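Note that the structure is predicted; figures quoted are calculated from it, not measured. Counting starts at 1 for both ligands and their atoms, in listed order.
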Amino acid sequence: MAAETYLFLCLKDNYGVLLHDTATGATAAIDAPEAAPIEAALKQKRWKLTDILVTHHHADHTGGIAELKARHKCRVVAPKAEAAKIPLVDETVKEGDKVNVGKLSANVIETPGHTAGHITFWFHGDKLAFAGDTLFSIGCGRVIEGTPEMMWTSLKKLRDLPGDTKVYCGHEYTLANIKFAQTIEPGNAALQARAAQAAKQIADKQWTIPTTIDEEKAANVFLRADVPAVAAAVGLAGKPATEVFAEVRARKNKF
Ligand SMILES: [Zn+2]
């Protein structure tokens, strides 16, 4: 496989990730929370930054763009709907567009809800998805600019990706997300297994991501709003999944 990834922390709990095409040497940063850790990661891997792929406009995903672009003259690819809020954009993309990093190719999937124009980059050939603040490991982003219905629709699009797709997300929130998910599905065996795995990963100073679509389908309560047991657990048996999702998200906001 020609794709290599390198994951590291930025700011307080943001993930930075580099995607490298071994065939051409092209390297993309997925979002740019902060320039210094991205520079350190590039140095560590001896990779040269060619692209920044932006998932959404929030400052903790775009704060490093200006400095990185000044130094590397890299291309900045951003969601069309949010380009005005993102510095130094070279190319805008929307649903169905393709983005190449060297010879690696991504499909753009619009996943609004957290922000109105949020996108996910899906490198289908390499079974990788960069979901920003839409889908987290055992969680999902706050619904800030969209509606719960919009976010549920976006999450379903990601849920429909091949099960072995590796998902990289914008933040390390896994343990807190697991604690919350257990309040709704205490008997979910996949969630219990994930809790044990994540605790061990953290103890061993490993990352809890990437996760996979299959793992998330089994254990992430936010992808399970159409499971009858989840609806019943939040007192909404028989109600539409959108309503169940909105209730689960509202409970997480207060958790
Ligand atoms: Zn965000």
Side-chain angles (χ1 to χ4, degrees), residues 7-19 28-38 51-68 76-89 92-95 99 106 108-122 128-159 167-177 180 207-211 216 220 222-223 245-246 248-255:
L7 186 68
F8 47 95
L9 282 183
C10 291
L11 302 170
K12 190 168 138 270
D13 53 28
N14 278 74
Y15 273 125
V17 59
L18 297 177
L19 172 69
I30 315 300
D31 290 329
E34 190 184 11
I38 294 174
D51 305 277
I52 300 173
L53 309 185
V54 183
T55 61
H56 67 295
H57 70 82
H58 284 158
D60 64 330
H61 293 254
T62 58
I65 291 175
E67 205 178 322
L68 290 166
V76 178
V77 180
K80 192 173 182 27
E82 299 188 354
K85 297 176 181 167
I86 297 168
L88 304 169
V89 173
T92 64
V93 289
K94 57 183 188 331
E95 177 83 21
V99 180
V108 173
I109 305 173
E110 289 182 352
T111 48
H114 177 68
T115 62
H118 193 298
I119 58 173
T120 292
F121 296 93
W122 175 40
L128 294 169
F130 298 93
D133 287 357
T134 297
L135 175 63
F136 293 136
S137 167
I138 316 295
C140 75
R142 272 176 191 267
V143 181
I144 298 172
E145 295 176 7
T147 62
E149 185 169 12
M150 211 183 266
M151 190 64 154
W152 171 239
T153 301
S154 295
L155 289 171
K156 277 193 296 182
K157 281 164 120 176
L158 298 180
R159 191 177 69 172
V167 181
Y168 286 85
C169 56
H171 291 271
E172 174 52 65
Y173 291 156
T174 307
L175 284 186
N177 287 341
F180 170 74
W207 307 127
T208 63
I209 71 161
T211 176
E216 294 305 309
N220 185 338
F222 293 98
L223 293 187
F245 173 79
V248 173
R249 188 57 254 182
R251 287 187 185 199
K252 177 67 164 69
N253 290 348
K254 288 180 262 163
F255 184 69

(request) Look at the N, O or S atoms of H114, main chain and side chain alike, and state whether any lies under 2.8 Å from the Zn ion (ligand 1). (result) yes
(message) Under a 4.0 Å threshold between the charged nitrogen and the carboxylate oxygen, would K157 count as salt-bridged to E95?
(response) yes
(request) Could you tell me which N, O or S atom of D133 is nearest to the Zn ion (ligand 1)? (result) OD2
(request) Starting from the Zn ion (ligand 1), look over the N/O/S atoms of H58 and name the nearest one. (result) ND1
(request) Go through the side-chain N and O atoms of D133 and H58 and say whether any donor and acceptor fall under 3.5 Å apart. (result) no
(request) May I ask you to check whether H171 and Y15 place their ring centres under 6.0 Å from each other? (result) no
(request) Give a yes-or-no answer on whether the side chains of E145 and H57 include a donor-acceptor pair shorter than 3.5 Å. (result) yes
